[in-house]
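Notes follow once the structure below has been shown.
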Amino acid sequence: MISAQDICKAFNGQPVLRKVSLDLMRGEVVAVIGPSGSGKSTLLRCLNHLETIDSGQLLIEGEVLAETNAAGVCSYVPEAQIRRIGRKMGMVFQSFNLFPHLTVLENVIEAPMVVKGLARAQIVPRAEALLAKVGLLEKRNSYPARLSGGQKQRVAIARALAMEPDILLFDEPTSALDPELTGEVLRTMRELAQEKMTMLVVTHEMGFAREVANRVAFMDRGELIESGPAAEFFAQPKHARTQAFLHNML
Ligand code: ADP
Ligand code: MG
C-alpha cells in the first residue's frame, strides 16, 4: 500500500529524515515509535504529501508519487495525480483539527461533499453509520467545543473514514488526551485493525503497539533504526538505541 525508499528530508539544511525506508502492506497495522523530534510526524506528512521529500522514492498502491533519478533529482508526478493518489489516504492528527464552526455531522460530511462532490442526502446516511460505529451518533448535532477530547478524536476518525480511504495515517492520536480518554480512542482503532484497515500509527502507546500492530518501527534522529514483527521487536530489540528507548518507555 505504501512503499517508501530512502526518503530524505531537510528543513533549512538540517536533515530530519535520513534515508528512511518503510513498507506498509494491505491490512497491516504498523506502529512508528521513537523519541520526540526523531522525524515521525515529518515521515507521515511526507507520505501524505503535506511535505515534499528531497530525495528517495515514494509509491502509493504501486503508483509512483515521487522518485529520484540517477543524478539525484527528485520529481513528483503531476498535481492532479498527486491529488488522486492523496485521496487514498486519510489522516488523524494529535490535535483533532475539527472545524469548530461545524457540527459533528457537518464535520464528517464536509470533505465528501466538497472534495468528492457527493450530494448531502447521499453522504448523510453513511456519515451517521460511521458516527454510530465510533459511538457518537447521539452527538451528531453538537459542536466540537461541547465534546471531550476522546469524543473529538473519534469524530476525527469518522471524518477520515467518510472519504473511504484505503490507508489511515495516525499521528499520536491519543497524545493530547487525558489518560482516561485514551482507551476509547484506542478501542476504535483496534476495531478498525480487526476490520483489516491498513494503518500507520505514530504512537507512544506501547501497549497498543504491542497488541494491535503487526509490525513496529523505531525512529531516532531522523533514521529508521529497526523494524520487525511486534512480538519480536519488543522481546528482542536488536539495536542498542531501540533497547535504550524501550527501557525508558516500559
Ligand atoms: P517527531 O514527530 O518525531 O517528534 P518531527 O517530525 O515533528 O518529529 O520533527 C523532526 C525535526 O524536524 C524536529 O527537529 C523539528 O523541529 C523539525 N521540523 C519539523 N517540521 C519542521 C518545519 N516545518 N520546519 C522546520 N523544522 C521542522
Ligand atoms: Mg510528531
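When a ligand or atom number is given, it counts from 1 through the structure's own listing order.
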Looking at [atom], what's its closest protein heavy atom, distance included?
{"atom": "atom 7 (O) of ligand 1", "answer": "Ser41 CB, 3.7 Å"}
{"atom": "atom 5 (P) of ligand 1", "answer": "Thr42 OG1, 3.6 Å"}
{"atom": "atom 20 (N) of ligand 1", "answer": "Phe11 CE1, 3.3 Å"}
{"atom": "atom 3 (O) of ligand 1", "answer": "Lys40 NZ, 2.8 Å"}
{"atom": "atom 8 (O) of ligand 1", "answer": "Gly39 N, 3.2 Å"}

- Message: Could you check whether any side-chain N or O of Thr68 sits under 3.5 Å from a backbone N or O of Gly56, counting only pairs where one atom can act as donor and the other as acceptor?
- Response: yes
- Message: Quick check against the 3.5 Å criterion: does Gln151 have a side-chain atom that pairs as donor or acceptor with the backbone of Ser148?
- Response: yes
- Message: Would Arg159 and Phe96 count as a cation-pi pair here, with the cationic atom under 6.0 angstrom from the ring centre and within 45° of the axis?
- Response: no
- Query: Do any nitrogen or oxygen atoms of Ser38 come within less than 3.5 Å of a nitrogen or oxygen of ligand 1?
  - Reply: yes
- Query: Any non-hydrogen atom of Pro35 lying under 4.0 Å from ligand 1?
  - Reply: yes
- Message: If the contact criterion is a heavy-atom separation under 4.0 Å, does Gly37 count as touching ligand 1?
- Response: yes
- Message: A quick test of your reading: do over 12 heavy atoms of other residues, nucleotides or ligands sit less than 6.0 Å from NZ of Lys19?
- Response: no
- Query: So if you build clusters from Ile, Leu, Val, Met, Phe, Trp, Tyr with side-chain heavy-atom gaps below 4.5 Å, do Met163 and Leu98 land together?
  - Reply: no
- Joint hydrophobic cluster, Phe93 plus Leu47, side-chain heavy atoms closer than 4.5 Å: yes
- Item | Nearest option to atom 12 (O) of ligand 1, as decided by whichever heavy atom of Leu43, Asn12, Val16 sits closest | Val16
- atom 23 (N) of ligand 1 protein-contacted (non-hydrogen atom, under 4.0 angstrom): yes
- Protein heavy-atom contact under 4.0 Å for atom 15 (C) of ligand 1? no
- Could you go step by step and tell me if Asp171 and Ser41 meet the side chain to side chain donor-acceptor pair (under 3.5 Å) rule? CA-CA 6 Å; Asp171 193 359; Ser41 294; 2.6 Å; yes
- Query: Going by chain and residue number, what protein N/O/S atoms come nearer than 2.8 Å to the Mg ion (ligand 2)?
  - Reply: Ser41 OG
- Query: Does any donor atom in the side chain of Ser3 or Asp23 lie under 3.5 Å from an acceptor atom in the other side chain?
  - Reply: yes
- Item | Polar side chain donor-acceptor pair, Glu226 to Thr242, under 3.5 angstrom | yes
- Note on the structure: Result for side-chain contact (heavy atoms from CB on, under 4.5 Å) between Val185 and one of Leu177, Val134, Val92 points to Leu177
- Task: Compare all side-chain heavy atoms of Gln153 with those of Thr174 and state whether any distance is below 4.5 angstrom.
- Result: no
